[in-house]
Amino acid sequence: MTIIASLLRNAQLPESPTERLDAELLLAAAIGKSRSYLHTWPERIVSSEDAQTYAGYLQRRRGGEPVAYILGQQGFWKIDLEVAPHTLIPRPDTELLVETALELQPAAPARVLDLGTGTGAIALALASERPAWQVTAVDRVAEAAALAERNRQRLGLSNTQVRLSHWFDSLAGERFDLIVSNPPYIAAADPHLVAGDVRFEPSSALVAGPDGLDDLRVIVTQAPGHLVPGGWLLLEHGYDQAAAVRALLVEQGFNEVASRTDLGGHERISLGRLPC
């Protein structure tokens, strides 16, 4: 017989920067309980079947597989999302994009576009906070769009639609009050691509040319044709790309160009407003 406290104590995930948290999340999932249950009942016995499931989870994590992929879910903003290996795992830094969008755009009816939606994290977070908004979420990968749609249905967000589109390709003639995106922005030769959890995420959602700016250039160049006068464009980018993205926005005629800083002190998003 094995108890909860012993299983957690012997987890052995030395390569993980969040060893204890990972162990707790995996064990809670294996036994079908919450993390708080583990702390409240550390002497409870775990069945041999659940212990085997937990051992399998630990083995996958020791191989570097992200916890979110092992469990198939990830929390973001105030919602829980299904995740899968063909999409990026939503990260806390991206919540800054949601926070800024809510701050800039009134709660009144508005048309909002999320480019490269992946799991639907940004679009669904915004839709959950602003029932009056009509949110369009697009992705060029069919599996990602299907995943975002499953998340939309599970959350019951009828003010969101998910469509297939490579950036603006399928949006001819459509204009929005707000466009948001967390596009690929890592340089092709960046050493971080072969380290940590990123190794397991799709390169198509990470890499954007030799300087990481290829997709950001496309979005900034084409966005003016899909914004109403006075509409906002909000972009997540790399920690060292803010100046370059601001320059792109200025070059395309955006006003009120600025960057916002994440919890780590890095300029994580940049934004601009189309002239009225």
Between [atom1] on residue [X] and [atom2] on residue [Y], distance to nearest 0.5 Å:
{"X": "Q222", "Y": "L171", "atom1": "CD", "atom2": "CG", "answer": "10.0 Å"}
{"X": "R268", "Y": "D262", "atom1": "CZ", "atom2": "CG", "answer": "5.0 Å"}
{"X": "L274", "Y": "L233", "atom1": "CG", "atom2": "CG", "answer": "9.5 Å"}
{"X": "L8", "Y": "E24", "atom1": "CG", "atom2": "CD", "answer": "6.0 Å"}
{"X": "R152", "Y": "N159", "atom1": "CZ", "atom2": "CG", "answer": "9.0 Å"}
{"X": "L27", "Y": "L58", "atom1": "CG", "atom2": "CG", "answer": "8.5 Å"}

- Message: Apply side-chain contact (heavy atoms from CB on, under 4.5 Å) to residues D139 and L164 and explain how you reach the verdict.
- Response: CA-CA 5 Å; D139 203 289; L164 274 174; 5.7 Å; no
Which heavy atom in [X] sits nearest to a heavy atom in [Y], and how many Å separate them?
{"X": "A132", "Y": "A107", "value": "CB-O, 3.4 Å"}
{"X": "R60", "Y": "E65", "value": "NH2-OE2, 2.8 Å"}
{"X": "L71", "Y": "A29", "value": "CD2-CB, 3.4 Å"}
{"X": "P183", "Y": "L216", "value": "CG-CD2, 3.6 Å"}
{"X": "G272", "Y": "F254", "value": "C-CD2, 3.6 Å"}
{"X": "A242", "Y": "S259", "value": "CB-OG, 3.7 Å"}

- Pairs satisfying side-chain hydrogen bond (donor to acceptor under 3.5 Å, both in side chains), at least one member in residues 99-110, at least two apart: E103-R260
- Note on the structure: So the side-chain hydrogen bond (donor to acceptor under 3.5 Å, both in side chains) pairs with at least one residue in residues 223-232 (sequence neighbours excluded) are none
- List in chain and number order the residues that pass side-chain hydrogen bond (donor to acceptor under 3.5 Å, both in side chains) with S36, two or more places apart in sequence or in another chain; answer none if no residue qualifies. S34
Between [X] and [Y], is there a shared hydrophobic cluster once you connect ILVMFWY residues whose side-chain heavy atoms come closer than 4.5 Å?
{"X": "V135", "Y": "L227", "answer": "no"}
{"X": "V98", "Y": "L104", "answer": "yes"}
{"X": "F176", "Y": "L102", "answer": "no"}
{"X": "I269", "Y": "I122", "answer": "yes"}
{"X": "W167", "Y": "L213", "answer": "yes"}

How about [X] and [Y]: does a side-chain donor come under 3.5 Å of a side-chain acceptor?
{"X": "H266", "Y": "T261", "answer": "no"}
{"X": "T87", "Y": "T119", "answer": "no"}
{"X": "Y37", "Y": "R44", "answer": "yes"}
{"X": "D114", "Y": "T117", "answer": "yes"}

Any side-chain heavy atom of [X] sitting closer than 4.5 Å to one from [Y]?
{"X": "S270", "Y": "L249", "result": "yes"}
{"X": "Y69", "Y": "V83", "result": "yes"}
{"X": "L157", "Y": "S128", "result": "yes"}
{"X": "W77", "Y": "L126", "result": "no"}

- Task: With side-chain contact (heavy atoms from CB on, under 4.5 Å) as the test, would you mind laying out the steps for W133 and L178 before giving the verdict?
- Result: CA-CA 10 Å; W133 289 4; L178 171 69; 4.2 Å; yes
- Task: Could you list the residues that satisfy side chain to side chain contact (heavy atoms under 4.5 Å, CB included) with T221, not counting sequence neighbours?
- Result: Q252
- Message: Going by side chain to side chain contact (heavy atoms under 4.5 Å, CB included), name the residues that satisfy it together with E43, two or more places apart in sequence or in a different chain.
- Response: I3, A5
- Note on the structure: Residue pairs meeting salt bridge (Lys or Arg N to Asp or Glu O under 4.0 Å), one or both in residues 168-185, sequence neighbours left out, come to R111-E174, R163-E174
- Task: Scan residues 235-259 for pairs that pass salt bridge (Lys or Arg N to Asp or Glu O under 4.0 Å), counting only residues two or more places apart or in two chains.
- Result: R246-E267, E256-R273
- Derivation and outcome, side-chain contact (heavy atoms from CB on, under 4.5 Å), residues L235 and V220: CA-CA 9 Å; L235 300 166; V220 174; 3.5 Å; yes
- Query: Which is it for I70 and L26 under the side-chain contact (heavy atoms from CB on, under 4.5 Å) test, yes or no, and what are the steps along the way?
  - Reply: CA-CA 8 Å; I70 296 171; L26 295 173; 3.9 Å; yes
- Message: What verdict does the salt bridge (Lys or Arg N to Asp or Glu O under 4.0 Å) test give for D211 and R217, after you've listed the backbone C-alpha separation in whole Å, the side-chain angles of each residue and the deciding distance to 0.1 Å?
- Response: CA-CA 11 Å; D211 63 358; R217 290 189 185 96; 2.4 Å; yes
- Can you name the ring pair (Phe, Tyr, Trp, His ring centres under 6.0 Å) partners of H166, sequence neighbours left out? none
Taking only residues two or more places apart in sequence, or in another chain, which ones meet [X] in a salt bridge (Lys or Arg N to Asp or Glu O under 4.0 Å)?
{"X": "D22", "result": "R61"}
{"X": "R154", "result": "none"}
{"X": "R9", "result": "none"}
{"X": "R150", "result": "E82"}

